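The structure appears right after this line, and notes come after that.
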Amino acid sequence: MKGSVGGEVAEAPAGPPPPLEWKFSQVFGERTAGEEVQEVDIISAIEFDKSGDHLATGDRGGRVVLFERTDTKEVGSRRELERVDYPVSRHPEFRYKTEFQSHEPEFDYLKSLEIEEKINKIRWCQTANGALFLLSTNDKTIKYWKVQEKKVKKISEMNIDPSKVAGNGSVASSSLCSSPKQCLANGGCGDKAYSSLSNDLSFPPEGIPSLRLPMVTSNETSLLARCRRVYAHAHDYHINSISNNSDGETFISADDLRINLWNLEISNQSFNIVDVKPSNMEDLTEVITSAEFHPTHCNTLAYSSSKGSVRLIDLRQSALCDSHSKLFEEQEAPGSRSFFTEIIASISDIKFAKDGRYILSRDYMTLKLWDINMDSGPVSTFQVHEYLRPKLCDLYENDSIFDKFECCLSGDGSRVATGSYSNLFRVFGCAAGSTEATTLEASKNPMRRQVQTPSRPSRSLGSSLTRVVRRGADNAGVDANGNSFDFTTKLLHLAWHPTENSIACAAANSLYMYYA
């Protein structure tokens, strides 16, 4: 009710949305018990396109695999839907579409370095004329791919129309020249073929009324992936990010020290827009870890650093944007500094919300949500795996502390998600007053590790994992409650469907999909 007319009482403002109940949808490349995972099959990138109808994954073997949505195509006509007196509840379902080899292993002879074929990032570009376009990158080279359906042309064999043949001469479609070796260049056939035909067939006395000549037919279609552009030799360090601009014409690529701006149509030239390399490399204190364009403002982009800060830059200010327009960082609490402080502060991934108002950042221990209009500190902080804090020394020893976890936001911006160890991932509600903090496992039963988390203030929307159970492994540890966790199974890559509550996540070589 919108007002208190005629004694009616105004409705109280709605509270935060209830927590979502996640269900298993699909798995691609599921491992059987005891099956060893090949290194080249491990998924290293996941990305939905803007419509949510296509999903791309990249792996360490340099392959890109595309999936397409199938559930939307099965919806009946409008009249059929009108007959149904209940809403049709559907969740996104995908099927394998195609795959192609995007990158091959290379060797840099000048620097004597092997360049891995592993796909670091995939980004979808605008579609055109029914073709799909995407960018993929390894450590050094970005490629622009076009995937399109092509009609397969086949030559139908010359034959006699059986309906026009009289008598007992029923002729098969391939009766005339039985093999290409017996056919002459001018289209005639050798003696052997002719004699075998004359024995097999009885021709009508008035002759053959019709002869079908070879024709080119194209009934079938196949998907063809073609590399349209190669953007190479522009980065001295490993590329960690690529991001499309909303103008549909340009994109950025970022490595540890520089961000370059490219035009999709020009592969031999790029503009350096950020350069944090000091004149003396001994003075280097921080590196770029991730970069992303604003979803609607083509002049704005954000990049994160290894010191835990996010910088917003405006391309209209100057050609070289070394000075930022806004800086987002959280002040360190006095007395909390330790050997690991700087390592765990390093941001591994940033994402803009769909409306461009918020930026989500993931460091080793937390997710932080920033309002681009408020640079005093994060709007919300979510504790991802606080139970690991006493284990930072072990994590440093086995290099797990340097793992780079990705993060994602729901299409409506009301929830955020990120991965953890033991193939777990976490979903948090970020609406005002929300206490949603769900723990899910990348398996066919995602809720079996579900733990009821205590309520928490809306300012710090994080909550520690209180129970994580995992079968013992070589790198397993035990937390204060006696529950085990496994550093070898980590869920680094995940993506949220742009319009629906559906998450795709990678556990080693398996792609799991969930919906709510």
Side-chain angles (χ1 to χ4, degrees), residues 16 240-241 243 245-246 252 254 259 274 276 286-315 317 321 323-333 336 341-342 344-386 404-419 426-437 456-463 494-496 498:
N240 55 48
S241 304
S243 178
N245 197 343
S246 58
I252 52 167
I259 300 175
V274 175
V276 299
E286 66 180 326
V287 295
I288 298 165
T289 56
S290 182
E292 184 162 278
F293 260 120
H294 190 283
T296 54
H297 297 171
C298 62
N299 56 283
T300 306
L301 63 97
Y303 70 91
S304 59
S305 83
S306 56
K307 278 194 166 178
S309 61
V310 179
R311 291 173 172 84
L312 206 63
I313 62 174
D314 190 335
L315 297 174
Q317 286 184 341
C321 304
S323 58
H324 50 266
S325 56
K326 281 189 178 177
L327 173 67
F328 305 97
E329 61 182 352
E330 193 168 26
Q331 297 306 313
E332 202 178 295
S336 63
T341 302
E342 275 197 19
I344 63 172
S346 178
I347 293 173
S348 54
D349 190 27
I350 59 168
K351 291 282 193 319
F352 271 101
K354 200 174 183 178
D355 61 1
R357 171 73 186 269
Y358 296 96
I359 298 172
L360 181 68
S361 68
R362 168 71 206 259
D363 58 43
Y364 189 67
M365 298 298 287
T366 65
L367 271 175
K368 292 187 175 81
L369 192 67
W370 309 83
D371 185 335
I372 64 169
N373 298 330
M374 190 182 90
D375 52 9
S376 58
V379 178
S380 304
T381 299
F382 310 93
Q383 308 294 339
V384 179
H385 39 216
E386 191 61 24
K404 297 185 185 330
F405 291 94
E406 290 178 5
C407 58
C408 58
L409 297 99
S410 61
D412 60 4
S414 63
R415 292 176 178 86
V416 296
T418 192
R426 309 213 61 199
V427 179
F428 299 97
C430 48
S434 173
T435 58
E436 183 176 352
R456 58 213 162 103
S458 60
R459 175 72 184 175
S460 60
L461 292 176
S463 174
L494 78 172
W496 200 302

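None of the values given here were measured: they were computed from a predicted structure. FYI, the numbering just counts along the sequence from 1.
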Heavy-atom closest pair, residues D314 and C321: O-SG, 3.9 Å
Polar side-chain atom of H297 near backbone of N299 as donor-acceptor pair, under 3.5 Å: no
Spacing of D375 atom CG and L312 atom CG [to the nearest 0.5 Å]: 10.0 Å
Under 3.5 Å donor-acceptor, S243 side chain and E292 backbone: no
K326 and N373, any side-chain heavy atoms less than 4.5 Å apart: yes
T381 side chain near E330 side chain, heavy-atom distance below 4.5 Å: yes
pair P378-L369: side-chain heavy atoms closer than 4.5 Å: no
S410 (side chain) donor-acceptor with R415 (main chain) under 3.5 angstrom: yes
Geometric class of the F405/Y364 ring pair [parallel <30°, tilted 30-60°, perpendicular >60°]: tilted
For the student: nearest non-hydrogen atoms of V310 and W370, plus distance: CG2-NE1, 4.4 Å
Side chains of K404 and S290 in contact at under 4.5 Å (non-hydrogen atoms): no
Side-chain heavy-atom pair S346, T289 within 4.5 angstrom cut-off: yes
Among E406, R362, R426, the one residue meeting side chain to side chain donor-acceptor pair (under 3.5 Å) with T418: R362
Test log, rule side chain to side chain contact (heavy atoms under 4.5 Å, CB included), inputs K368 and D363: CA-CA 8 Å; K368 292 187 175 81; D363 58 43; 2.8 Å; yes
V276 vs Y303 side-chain heavy atoms within contact, under 4.5 Å: yes
Side-chain donor or acceptor of D349 paired with backbone N/O of C407 under 3.5 Å: yes
Any side-chain heavy-atom pair of W496 and V416 under 4.5 Å: no
Distance, nearest 0.5 Å, that separates SG of C430 from CG of L409: 6.5 Å
